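What follows is a short report on a single structure.
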Protein chains: 2
Amino acid sequence: MKRIDPEWNHFHNINEDDNDFPTDLKYTIRLYKKNELIYRQGDLCDALNILMSGSVKTEMITESGNLMGIEIIKAPRPLAPAFLFSDNNRFPVDVTSLEEVEILRIPKDEVIRLMTSRPDFMQQFLTHNANRTQFLTNRLQLLSIKTIKGKIAHFLLEQANEEGKTFTLNRNQTELADFFGVARPSLARSLSEMVQEGLISIKNKEYTVLNAKGLRELLV
Amino acid sequence: MKRIDPEWNHFHNINEDDNDFPTDLKYTIRLYKKNELIYRQGDLCDALNILMSGSVKTEMITESGNLMGIEIIKAPRPLAPAFLFSDNNRFPVDVTSLEEVEILRIPKDEVIRLMTSRPDFMQQFLTHNANRTQFLTNRLQLLSIKTIKGKIAHFLLEQANEEGKTFTLNRNQTELADFFGVARPSLARSLSEMVQEGLISIKNKEYTVLNAKGLRELLV
DNA sequence: TTCAAAGTGTAACATTTGTTACACCTGAGA
DNA sequence: TCTCAGGTGTAACAAATGTTACACTTTGAA
């Protein structure tokens, strides 16, 4: 079985080709051509939608850390699984196909039945939701820090296990600035100030926390 | 049965006094005195903790919209239910009792068993998580808008169903500024500029959207 | 090695927001 | 009615961040 994105394996596990696929599961598969409007903002979300192949464009928040704006989702992934069970179960944004798209649609009742009959699926579903909540909480913490230095401190303290330990970031300044939601030169300025203040040291993409206590004071 | 906060009813439903309380459920109830450290940041979270009575202090993000900082949680509410099923199932913050506290503790295995055996409980659990995710997503959207005018626009467009319709806010400027995470005079300045620009009108606490299209352009 | 593209450091200036301070208004009680 | 506390409008200034521009460095491929 193809395994692309570890986080979404459990949804990819639901696959017609799978021997384990429940034979009595009620579901539909819908195909969309390129540039079709799949869901409109405000549409009722009464089924679990799993993007099986292709890619779509939405404006939701994603695991990658991007906010709002246009967002591209690639198969295999569920579409807005958080909205299936919420009280206000309506799509928050438009969903449009970017290419030929295949969507597996399992009605809410069936999802519930599937979960009660297959504890492993239920646990995977729960884990997914839990991970997403945790991600959102983290992201929210980061964004709620007002100053750029504070964001940097939060991020570096999370990365560095120990004071004085050196670690390599696989993001460049531009990506880091996007992640923080700030302008690139502003990030560079803050970084160089923090180096001057002796809080951290940077050599290429190798970062070292020199003064963890000082960093913590920036978190406000 | 006491029903304090509608969102948490389903957890309050699990109550020893309840006729419906499952007789074979394995659980423990722990009592804490005032100012005891209940959980420490990094502690393993392998059970569903429900605060049955009393109140505790934490630093998590809450439904009320407050970010980080010290947060007070009053019974009945679960403590960090999102972390029970997440891959990184550790408490993100310290939890300390503010008064005498009673905590119902259901092991993870038992929670799973309870959910499979009682679909209504499962659905309530799912709905709670879904609502929380939706809340966090909303909050994140708001925070990811950089300008104060943008935040105001986002908020007012959400409140106003129609252009030209007048509605009353039950928050004063100070509360609104806290909600947006900005300084009060800055909010007032932005509001009065938006009134001057003809986007909205304000009379006491009655707000009217005059130019919805113009507001949408502020969302960037 | 050479060269172009991407990444980085930094400066000058513009813009936005925060801070502080104070005057005014409004409404609930004495 | 008076009074006072909370809420609001606004101004002057400070601080942080964004914008634009450009030179330098690193990297990777020809």
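Letters go in sequence order (proteins before strands), and every chain restarts at 1. Values below: every heavy atom of this structure, side chains too, minus hydrogens, waters and symmetry copies. Bear in mind that the values here come from a model prediction, so they are computed numbers and not experimental data.
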Under-4.0 Å salt bridge between B:Glu197 and B:Lys149 | yes

Out of C:dA21, D:dG18, C:dT17, which nucleotide sits closest to the side chain of B:Pro185?
-> C:dA21

Please state how far atom CD1 in A:Ile145 lies from atom P in D:dT17, giving the value in whole angstrom units.
-> 12 Å

Should the pair B:Asp46-B:Arg105 be classified as a salt bridge under the 4.0 Å nitrogen-to-oxygen rule?
-> yes

Over-ring placement of A:Arg171 relative to A:Phe179, 6.0 Å and 45° cut-offs | yes

Given DNA chain D, 5'-ward residue of the pair B:Asn204 and A:Lys149, judged by closest heavy atom = B:Asn204

Does A:Thr174 place a side-chain N or O at less than 4.0 Å from the phosphate oxygens OP1/OP2 of C:dG7?
-> no

Ignoring the backbone of A:Ala183, work out which of D:dT27, C:dT10, D:dG18 is nearest its side chain.
-> D:dG18

A:Thr147 vs D:dA16: side-chain N/O to OP1/OP2 distance below 4.0 Å = no

Would one find a side-chain N or O of B:Gln173 under 4.0 angstrom from OP1 or OP2 of D:dG9?
-> yes

Of all the choices, D:dG18, C:dG7, D:dT8, which nucleotide is nearest to the side chain of A:Asn172 once you look at every atom?
-> C:dG7

A:Lys146 NZ to D:dG18 P: how many Å, rounded?
-> 15 Å

Between NZ of A:Lys203 and C1' of D:dT25 the distance, given in whole Å, is 15 Å

Exam field: side chain B:Glu158 to backbone B:Phe155, donor-acceptor pair closer than 3.5 Å = no

Check whether the side chain of A:Arg184 and the base of C:dG7 form a donor-acceptor pair under 3.5 Å.
-> no

